[in-house]
Amino acid sequence: MKPPNLFFSILLTGMNAAVRAVVRMGIYVGAKVYFIHEGYQGMVDGGDNIKEATWESVSSMLQVGGTVIGSARCKEFRTHEGRLKAAHNLVQRGITNLCVIGGDGSLTGANLFREEWSGLLNELLEQGLINEEAVSSNSVLHIVGMVGSIDNDFCGTDMTIGTDSALHRIIEVVDAIMTTAQSHQRTFVLEVMGRHCGYLALVSALACGADWVFIPEMPPDDGWEDNMCQKLSESRSRGSRLNIIIVAEGATDRQGQPITSSFVKDLVVRCLGFDTRVTILGHVQRGGTPSAFDRILGSRMGVEAVLALLEASTDTPACVVSLVGNQAVRLPLMECVQMTQEVQKAMDEKKFDEAVRLRGSYVCMNAALCHLQSSFNVAVLNVGAPAAGMNAAVRSAVRVGITEGHKMFAVNDGFEGFAKGQVSEIKWGDVGGWTGQGGSLLGTKRTLPAKRLAKIAEQMRIHNINALLVIGGFEAFESLLELYEARAHHEEFCVPMCILPATISNNVPGTDHSLGADTSLNAIVETCDRIKQSASGTKRRVFIIETMGGYCGYLATVGGLAAGADTVYIYEEAFDIRDLQANVEHLTQKMKTTIQRGLVLRNENCNENFTTDFIYQLYSEEGRGVFDCRKNILGHMQQMCVRFIKCIKALITAFVLNNDSKISLFIMKGKD
């Protein structure tokens with residue numbers, strides 16, 4: 001790694017959380033960082049389009065959608081003459097490290113620019129625009145890419161910057177549409193973006209419980225028109241009052257003919273006579289406030305990009321920062337670009353199975369489902385505090401279980417209800433519309449099973465339960481351990497048992513994410529955004545915000561990163577009065593700058609003595625005359641009823657495969 005006092009420059013173009021991270025990490029390691037406005041066009045035009053960035057210049061960027069430094073398509077950069085102008089503008093400022101945020105086209109252009117760099121410098125030297133010293137000091141151009149695309153169409157990364165926020169926009173629209181569709185018994189056809197990639201369509205269809213979805217990588221089989229109409233008719237006959245069909249804008253049939261939203265609408269009206277409407281979401285999906293996940297993703301990638309530039313040598317190839325599992329990793333840029341282009345080539349050649357394989361796991365969910373010869377009686381219950389996504393998980397487990405030939409049973413009110421015999425079979429139609437419901441429709445309690453083992457075993461024997469799915473937090477984790485330890489005394493517990501972590505605290509061992517944590521983070525970040533807006537109007541104000549999470553600091557830490565907090569207090573990192581005083585002094589100095597506001601997050605159990613009231617009173621007293629304080633306790637609004645956008649369809653597969661009486665934990669790595 002280069003020594004931290006080595007002076008170098010970074011130029012970047014891209015999305016705000018990543019831009020902010022690159023600027024601040026670059027300044028932190030001693031680099032000089034430049035903005036380039038209007039993308040490659042600004043690089044070619046030079047002048048005021050290229051400006052030095054400061055720490056304060058990226059303040060309040062996290063909550064802003066789009067890109068505050070602008071972006072534009074540039075035909076001139078595609079020409080050799082355009083790239084020559086761009087090289088001259090960079091050399092004039094001593095810029096030899098380039099951080100580019102964009103799609104595969106932008107990243108391919110950056111790599112071509114890097115490959116031509118030496119030749120461009122020689123041309124500039126021959127034309128007398130630069131001297132030998134400039135050629136020597138700027139001899140190597142290092143490139144690091146980050147992928148910004150709502151389509152999530154870049155191979156090599158699990159998620160691209162912007163995808164999660166686009167999914168939030170889609171689900172917000174679907175939730176609004178479903179109420180009117182329910183009232184009027186309508187069918188809605190929604191067209192979402194995805195000219196060459198069906199990620200948005202597929203995941204949003206799963207998240208909202210759509211009846212049918214069309215994606216480019218997996219065209220429907222011939223005769224799909226009759227199959228779709230039959231499914232819609234069956235749904236109505238089971239009592240459903242609405243139908244939702246999601247169409248990716250690039251969807252086609254097996255012959256390559258476009259499947260448009262208007263065509264699907266006309267088909268439904270003609271064959272079924274249903275009252276049908278079309279909604280084309282368009283660029284609504286690109287706008288709005290970034291989600292908590294996108295803010296964290298952009299920040300992590302930005303930091304990793306700067307580290308990659310610091311460690312680059314003269315023979316280091318261009319790399320792209322990707323998310324694999326839950327880790328930010330560096331991959332060869334052109335290998336990822338080539339794989340991405342191979343997907344489109346396979347689709348053009350109608351090799352759709354190959355396109356699905358290249359695209360990755362998100363479109364292969366059906367292939368993962370197993371078909372067992374025997375069937376299970378599966379009991380599903382919720383344990384612990386309610387968390388967003390519990391109902392979606394129950395719905396998914398019930399319907400996939402029924403599809404695979406299993407008999408599904410619902411247990412109300414956790415193990416307490418199990419012991420009382422609150423067990424009943426649950427059918428396909430019973431879980432209709434559950435994906436958009438918060439809380440726990442089955443009912444959930446924190447009661448552990450230890451004192452009711454005999455009664456629970458009796459109910460399992462009565463209903464012949466031979467598989468158990470528990471959805472909940474740490475209490476669910478403890479509950480299955482108790483059942484496991486009781487197997488020596490109750491043979492009814494010698495069945496496959498699986499826990500799906502669902503807690504906003506995200507404190508269950510063995511998983512990166514628990515159901516509900518993402519929704520809770522978004523609630524925290526949304527509140528912090530509003531508070532920061534209030535503080536920007538009043539000036540010189542510091543807000544102390546208390547989050548939930550028990551003794552786990554996940555919500556406070558990640559919420560603080562996503563909201564741009566000044567400091568965070570959590571149980572895992574001990575602090576004393578000296579730390580509090582240092583933070584007050586930091587905020588006092590901050591009030592002398594142009595950023596005259598402060599945001600402090602405190603986990604509810606971070607310290608039994610340094611309570612929220614204590615910290616509020618300390619800050620108020622020590623900051624007297626410099627800033628004033630306000631406090632907010634977010635409370636149970638963090639468990640609010642918002643849909644949890646994660647795909648649970650593969651859950652039952654992992655579950656039913658454990659037919660050897662094991663206990664298993666369903667874990668999530670990254671967004672998978």
Side-chain angles (χ1 to χ4, degrees), residues 62 291-293 295-296 299-300 326 382-390 438-440 444-446 471-479 499-532 543-575 579-580 583 599-616 631-642 644-646 665 667-668 670:
L62 280 171
S291 67
F293 180 86
R295 299 186 197 192
I296 296 299
S299 299
R300 293 177 64 189
N326 197 32
N382 295 333
V383 176
M390 278 185 163
S440 170
T444 180
K445 292 192 176 182
R446 297 178 183 269
I471 303 168
F474 201 80
E475 292 88 353
F477 188 82
E478 291 182 292
S479 296
I499 172 179
L500 174 61
T503 168
I504 68 169
S505 302
N506 200 28
N507 61 349
V508 177
T511 182
D512 289 341
H513 293 286
S514 299
L515 290 178
D518 185 68
T519 299
S520 184
L521 273 178
N522 280 291
I524 293 169
V525 169
E526 182 181 349
T527 303
C528 289
D529 286 348
R530 294 178 179 179
I531 286 173
K532 286 169 67 177
F543 282 87
I544 316 295
I545 300 175
E546 181 184 301
T547 69
M548 296 177 78
Y551 291 96
C552 179
Y554 176 84
L555 288 181
T557 301
V558 181
L561 288 171
D566 293 278
T567 190
V568 173
Y569 300 118
I570 60 175
Y571 178 79
E572 293 90 339
E573 292 189 359
F575 59 96
D579 297 312
L580 294 173
N583 293 331
L599 188 65
V600 177
L601 266 64
R602 177 191 178 274
N603 167 258
E604 59 184 345
N605 290 332
C606 67
N607 190 292
E608 62 180 352
N609 296 314
F610 299 143
T611 63
T612 301
D613 286 335
F614 177 89
I615 295 175
Y616 164 71
K631 63 178 178 179
N632 291 82
I633 299 177
L634 302 186
H636 285 78
M637 68 171 293
Q638 296 160 83
Q639 294 178 341
M640 64 181 185
C641 303
V642 176
F644 182 76
I645 306 175
K646 273 199 169 62
L665 170 70
I667 65 173
M668 285 174 281

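Between atom OH of residue Tyr616 and atom CZ of residue Phe543 there is a gap of 10.5 Å, rounded to the nearest 0.5 Å. Of the inter-residue distances, the one linking Glu604 atom CD with Ile633 atom CD1 reads 10.0 Å to the nearest 0.5 angstrom. Taking CZ of Phe614 as the start and CZ of Arg602 as the end, the distance is 11.0 Å to the nearest 0.5 Å. Separating the CZ atom in Phe474 from the CG atom in Asn507 is a distance of 6.5 Å, to the nearest 0.5 Å. Distance CD1/Ile545 to SG/Cys528: 3.5 Å, rounded to 0.5 Å. Note: Leu634 CG to His636 NE2 = 12.0 Å, rounded to the nearest 0.5 Å.
The minimum heavy-atom distance between Gly635 and Met548, with the atom names listed, is O-SD, 3.1 Å. The two residues Leu62 and Ala562 have their closest heavy-atom pair at CD1-O, 3.5 Å. The two residues Ile570 and Ala556 make their nearest non-hydrogen contact at CG2-CB, 3.9 Å. Residues Leu601 and Gly560 share a closest heavy-atom pair of CD2-N, 3.5 Å.
For Ala476, the side-chain contact (heavy atoms from CB on, under 4.5 Å) partners at least two apart in sequence or on another chain are Val383, Val470, Ile499. Residues passing the salt bridge (Lys or Arg N to Asp or Glu O under 4.0 Å) test with Asp579: none are found, sequence neighbours excluded. For Phe575, the ring-ring contact (aromatic ring centres under 6.0 Å, His included) partners are Tyr569, Phe610, not counting sequence neighbours.
Judged purely by atom type and a 3.5 angstrom limit, Lys631 has no side-chain atom pairing as donor or acceptor with the backbone of Ile615. Formation of a donor-acceptor pair under 3.5 Å by the Glu546 side chain with backbone atoms of Asn632 is not found in this model. Listed for the Ser520 side chain is no donor-acceptor partner under 3.5 Å among the backbone atoms of Gly516.
Of the candidates Leu521, Thr547, Asn603, Tyr554 forms a side-chain contact (heavy atoms from CB on, under 4.5 Å) with just one, namely Leu521.
Within 6.0 Å of the CD atom in Glu573, the count of heavy atoms belonging to other residues, nucleotides or ligands does not exceed 12.
Looking only at atom types and distance, the side chain of Asn382 has a donor-acceptor partner in the side chain of Ser440 under 3.5 Å away. For the 3.5 Å distance criterion, the side chains of Ser514 and Asn506 qualify, holding a donor opposite an acceptor.
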